[in-house]
Amino acid sequence: MAESGHTLVNPPNPVSASSRRHLHAVGLVAVGLLLGLLLASALGRPSAAAEPAATPLPAKTVYIDVAGLGKRNSAEKRINEIHAAMAAQGYVCVDLSVYTENGDLEGFFATYRKE
């Protein structure tokens with residue numbers, strides 16, 4: 001390959017030395033803030049190993065069948081009856097899911113937790 005006589009010269013850096021120092025300082029401050037937030041977060045709450053395991057409260061899931069009921073308000077009446085019976089035993093409803101087949105209401109799954 002023939003020498004062309006041209007030498008490659010690095011162009012001057014358009015960022016001045018004081019600007020580079022400023023950017024460096026801003027970067028260090030950002031890293032320091034991030035580390036401080038992580039440290040504060042870690043110190044703010046105890047680790048899972050330090051916490052005793054919570055004893056789960058007893059729970060029950062009950063299927064409430066309303067497929068054979070003819071009236072619309074019968075489903076509400078049946079749910080209220082089950083809720084009252086479970087409340088008398090010290091349970092509170094925490095979830096109620098509708099169960100359908102082919103678009104028809106068949107029943108409900110109710111989950112209760114002991115209080």
Side-chain angles (χ1 to χ4, degrees):
M1 196 186 291
E3 296 266 339
S4 64
H6 297 287
T7 57
L8 296 175
V9 177
N10 289 334
N13 192 347
V15 180
S16 68
S18 65
S19 293
R20 281 193 302 264
R21 283 191 299 271
H22 178 70
L23 289 174
H24 183 71
V26 168
L28 287 175
V29 168
V31 169
L33 287 173
L34 180 61
L35 289 175
L37 287 173
L38 291 174
L39 182 61
S41 174
L43 294 176
R45 60 185 125 98
S47 68
E51 295 177 10
T55 305
L57 295 174
K60 290 183 181 182
T61 298
V62 178
Y63 178 69
I64 304 169
D65 186 14
V66 296
L69 301 177
K71 298 179 182 176
R72 288 186 178 195
N73 65 353
S74 295
E76 294 172 19
K77 182 179 177 185
R78 182 78 176 121
I79 290 171
N80 288 334
E81 289 170 354
I82 297 292
H83 283 346
M86 294 301 288
Q89 297 176 30
Y91 285 89
V92 64
C93 185
V94 293
D95 186 50
L96 184 68
S97 300
V98 176
Y99 174 66
T100 61
E101 279 186 17
N102 300 321
D104 295 328
L105 177 64
E106 296 293 324
F108 301 90
F109 286 98
T111 302
Y112 297 89
R113 181 183 67 229
K114 188 84 168 179
E115 286 289 311

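Side-chain N or O atoms of Lys60 include none that pairs as donor or acceptor with a backbone N or O of Lys114 at under 3.5 Å.
With Thr100 as the fixed residue, the side chain to side chain contact (heavy atoms under 4.5 Å, CB included) test singles out one of Asn102, Asp104, Val98: Val98.
There is a path of hydrophobic side-chain contacts, each under 4.5 Å, that joins Leu96 to Val66. Val62 and Val92 fall into different hydrophobic clusters, where Ile, Leu, Val, Met, Phe, Trp and Tyr are joined by side-chain heavy atoms under 4.5 Å apart, directly or via other members. Ile82 and Phe109 end up in different hydrophobic clusters when Ile, Leu, Val, Met, Phe, Trp and Tyr side chains are linked at under 4.5 Å.
Relative orientation of the Tyr63 and Tyr99 rings is perpendicular, given thresholds of 30° and 60° on the angle between their planes.
In plain terms, the two heavy atoms of Phe108 and Ala75 that are nearest each other are CE1-CB, 4.1 Å. The two residues Asp65 and Glu106 make their nearest non-hydrogen contact at OD1-O, 3.1 Å.
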